[in-house]
Amino acid sequence: MVATVALSGPDNVGKTTQIRLLARRAGVVDAGSLDAYDPRWAEAHARGLADWWFRSAAVEQVVDVLACSHLARAASAVPAGMVRLADRGMPMLDASVVATAAVRERLSYDAAIYRAGVLLAPYRGDLARAAQAEWGVLLLHAAEPSDGAARALARERRVTARYAAYQRVLNAHLHSLADSGRFAATIVVADRAILDVQHELRALLRDRLGVPVPGVALRQVQVAALGGLSESGKSTAGAYLATRHGYARLKIGYLLQVAADACGIADVYALDDVAMAEMLALGLESYCAAHHFQRRVSIESLHRAGMTAELVKLLGDHLTVIYLEASASLRAARSVAGPADVRERDGVKRSRGAARIRKSADAVVDNGGPRIALYRALDQITASKRWPVARPERVCIPDLGLPSRLAAYLTALLRLVADPAAPLVSLLAVTGSGARGKYQHGWSDLDVLAVAEQDKLSDMRAALGQLAHQLGGVKLGFTIVSAAECATGALTPRLLHALALIGTGRLPVLWCTDSLALPCPDRESDALASLGDGVAAAIEIRRQLIKPVPDMRSLYKVTAVVAKVALRAEGEEHPDDADALVALFHRFPGSFQGLGAVAAGVARHDEQGAIRLAHAVLAWWLATLPGTRPPQ
């Protein structure tokens with residue numbers, strides 16, 4: 001196994017941070033900074049490092065200090081069985097000297113390369129031997145050198161012309177060294193979260209070198225961080241996220257203490273913002289690694305603006321900062337201990353920067369209204385992180401294979417409600433059997449879904465009334481939902497399923513606005529929500545069975561709904577009623593002896609067959625409940 005892994009890269013790319021995070025793993029040790037390996041660095045820092053490097057010290061002295069520091073570190077002993085992490089490897093020395101020569105002596109790039117060769121010639125043999133013991137990883141800001149230099153400079157508070165020139169040459173030469181094979185691996189950091197880069201680095205060490213370091217568990221987790229002043233609703237929000245959306249609810253103080261104990265830190269609150277954020281991330285990582293099945297976590301409560309900003313850098317898109325707010329009078333009224341207690345706690349939070357978190361939060365939630373408004377806001381935030389956004393695909397009316405009367409109806413409907421100049425709807429789609437080319441006259445309804453806002457309802461009513469005579473007796477099931485209901489998932493299970501079909505392209509729409517994009521619920525959300533439809537269908541089956549004359553069509557359809565819901569929970573999708581029933585029989589044959597494709601088809605038109613089928617499916621559904629046995 002290679003004893004030394006060296007991370008190189010331009011300034012501000014995160015070399016030191018990545019080493020610090022990785023060094024917390026057993027079997028890995030930080031070699032420390034270069035200035036610990038040569039006493040002359042103390043004088044350089046005392047004189048001002050930039051002035052010493054670029055002006056006052058002779059360029060030969062700067063190179064000598066750099067080279068000797070690298071060689072001294074390479075010569076130091078590595079603990080047995082450990083992997084040493086070095087900040088800046090041997091190729092980085094070359095790049096630093098090339099950039100320094102170019103800037104200090106105003107040389108062209110090619111001339112600077114030649115000059116660096118001359119300056120490093122006295123050390124070349126020792127440097128080559130030291131380089132053989134290193135496994136080099138290059139961290140780059142961007143794929144292009146000019147972009148990388150711009151990113152490096154953008155993170156500096158003050159940039160001189162000389163330093164800017166240095167960074168441009170440094171980035172260019174590091175890219176050149178990478179192209180020539182001087183590094184074993186290259187990682188482009190770009191705008192990625194620090195922990196995403198850490199995961200890629202660990203994967204390299206594990207897969208290429210056999211270093212036993214695990215991946216970063218937090219990469220697979222969405223973290224909702226709740227902030228706000230006292231009595232703003234953070235605990236209520238955390239409880240709702242846990243109950244409704246399956247978030248594991250954790251306290252920041254607990255996570256910090258767990259990490260501090262693991263690292264031997266006596267007072268975690270005495271740390272600076274960077275170190276405290278890393279401790280919080282370490283506590284989260286420990287929890288998520290131990291609970292590898294958990295994909296959503298909430299933490300409360302954020303009090304420190306500086307630590308929050310550093311946590312954002314660490315977790316990136318895996319973190320959502322939610323700031324809850326309400327008026328001071330409302331928050332005071334909520335407190336059991338009274339207004340004075342709220343003012344006192346607010347004072348502590350404000351002193352830590354809690355109120356400043358609002359400016360950088362991903363979502364600011366007004367919790368001064370109804371409780372359900374808070375819930376809906378949290379639903380929307382959760383959906384935006386869990387469900388990808390998709391643009392609907394389109395289908396032409398003739399491609400649906402509908403009877404000519406219904407095709408003409410839909411054509412006329414589109415003209416009335418989907419005028420691009422002033423549309424009444426954002427989306428119009430045929431659902432159900434009519435969307436699958438399986439419309440059956442006398443059996444099927446015409447089901448239509450529209451996305452439209454409340455202020456369009458009167459115009460929609462008029463349009464539907466104007467065209468009602470064209471339906472020729474066909475029952476129209478017209479459903480309208482708003483864009484906000486789609487975004488929050490505030491839909492019935494059946495509509496949520498339709499949204500999933502639209503998002504995956506399995507249900508193309510007749511028309512939608514060019515800008516419309518809808519969330520696409522994931523399979524798990526769809527399947528779990530559908531269980532509610534199964535419950536309702538099982539109840540409706542019994543309503544039909546006790547009627548003097550059951551409605552055969554309704555009985556058959558709700559029986560098929562139970563089959564569809566049950567199969568969806570198994571990961572199967574069967575939109576057609578008969579197909580779903582047959583698939584259920586095949587999947588659980590012991591519960592449906594004597595029933596098959598013929599029975600499923602005949603039951604559409606035979607009352608006794610429909611009743612027998614309904615009893616069999618209902619018995620199977622009820623038998624899934626603990627303590628319930630199917631009838632003998």
Side-chain angles (χ1 to χ4, degrees), residues 7 9-25 85 87 137-143 147-148 150-152 154-155 185-206 213-227 247-248 250 252 255-256 259 271-289 291-292 294-299 302 304-323 357 359-363 381-382 384-389:
L7 266 63
D11 293 358
N12 302 317
V13 79
K15 302 181 293 295
T16 304
T17 299
Q18 294 298 337
I19 288 174
R20 185 171 61 247
L21 294 175
L22 189 54
R24 294 196 178 108
R25 305 303 310 181
L85 303 173
D87 189 341
V137 178
L138 175 62
L139 301 183
L140 291 174
H141 282 291
D147 292 342
R151 286 176 177 269
R155 300 186 183 184
T186 299
I187 297 174
V188 177
V189 174
D191 295 319
R192 291 192 295 162
I194 290 172
L195 289 182
D196 284 344
V197 177
Q198 175 76 186
H199 180 79
E200 185 174 351
L201 177 60
R202 291 186 183 189
L204 283 172
L205 300 186
R206 184 176 59 252
V213 289
V216 176
L218 268 171
R219 280 189 72 252
Q220 297 180 308
V221 178
Q222 278 295 324
V223 180
L226 302 170
Y247 280 68
L250 303 174
I252 288 176
L255 295 170
L256 286 172
L271 300 175
D272 62 23
D273 291 331
V274 172
M276 192 179 295
E278 290 180 3
M279 286 294 103
L280 179 52
L282 180 59
L284 274 168
E285 175 66 18
S286 298
Y287 176 86
C288 293
H291 302 79
H292 58 86
Q294 187 66 45
R295 291 293 180 264
R296 290 175 291 280
V297 170
S298 73
I299 58 175
L302 292 174
R304 292 169 167 81
M307 185 204 72
T308 301
E310 296 301 326
L311 192 64
V312 170
K313 296 176 187 176
L314 285 164
L315 271 63
D317 290 341
H318 306 294
L319 176 70
T320 303
V321 177
I322 305 171
Y323 187 88
I357 294 173
K359 295 181 180 179
S360 59
D362 297 293
I381 293 168
T382 302
S384 69
K385 289 296 179 179
R386 185 173 183 179
W387 299 343
V389 174

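Predicted, not measured: the structure shown is a model, and the values here were computed from it.
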Separation between CG of Leu195 and CG of Leu201, rounded to the nearest 0.5 Å: 12.0 Å

Separation of Tyr323 OH from Thr308 OG1 (nearest 0.5 Å): 11.0 Å

Expected output: side-chain Gln198 to main-chain Val216 donor-acceptor under 3.5 Å: no

Main-chain N/O of Ile381 paired to Ser384 side chain as donor or acceptor, under 3.5 Å: yes

For the student: nearest non-hydrogen atoms of Ala277 and Glu310, plus distance: CB-CB, 3.5 Å

Point-to-point distance, once rounded to the nearest 0.5 Å, from CD1 of Ile299 to CG of Leu250: 8.0 Å

Side-chain donor/acceptor of Arg192 to backbone N/O of Val188, under 3.5 Å: yes

Taking every non-hydrogen atom, the tightest pair across Gly283 and Ala259: N-CB, 3.8 Å

Side-chain H-bond candidate by donor/acceptor type, His141 with Asn12, under 3.5 Å: no

Audit row: Val297, Cys288, side chain to side chain contact (heavy atoms under 4.5 Å, CB included) steps and yes/no: CA-CA 9 Å; Val297 170; Cys288 293; 4.2 Å; yes

Flag, side chain of Glu200 to backbone of Val189, donor-acceptor distance under 3.5 Å: no

Student check: side-chain heavy atoms of Leu282 and Arg24 closer than 4.5 Å: yes

Arg304/Asp273 ion pair, N-O < 4.0 Å: no

Interatomic spacing from CD in Gln294 to CD in Gln222 - rounded to 0.5 Å: 12.0 Å

Distance (rounded to the nearest 0.5 Å) between Arg25 CZ and Leu85 CG: 12.5 Å

Residue pair Ala142 / Gly148: nearest heavy atoms and the distance that separates them: CB-N, 3.8 Å

Heavy atoms of other groups near Asp147 CG, more than 12 under 6.0 Å: yes

Minimum side-chain heavy-atom gap Leu271-Leu256 below 4.5 Å: no

Side chain Lys15, main chain Leu7, donor-acceptor under 3.5 Å: no

Test log, rule side chain to side chain contact (heavy atoms under 4.5 Å, CB included), inputs Leu140 and Ile187: CA-CA 6 Å; Leu140 291 174; Ile187 297 174; over 6 Å; no

Atom pair CE/CE of Met276 and Met307 - distance to nearest 0.5 Å: 7.0 Å

Side-chain donor-acceptor contact under 3.5 Å, Thr320 with Asp362: no

Backbone of Pro214 reached by a side-chain donor or acceptor of Arg202 within 3.5 Å: yes

Nearest non-hydrogen partners of Leu139 and Gln18, listed with the distance: CD1-CG, 4.2 Å

Close side-chain approach of Val274 to Arg20, heavy-atom, < 4.5 Å: yes

Arg151/Asp191 salt bridge by N-O under 4.0 Å criterion: yes

Nearest heavy atoms of Ser298 and Tyr247, plus distance in Å: N-CD2, 3.7 Å

Pair Glu278-Leu21, side chain to side chain contact (heavy atoms under 4.5 Å, CB included): steps then yes or no: CA-CA 8 Å; Glu278 290 180 3; Leu21 294 175; 4.0 Å; yes

Residues Leu315, Ile194; criterion side chain to side chain contact (heavy atoms under 4.5 Å, CB included); working and verdict: CA-CA 7 Å; Leu315 271 63; Ile194 290 172; over 6 Å; no

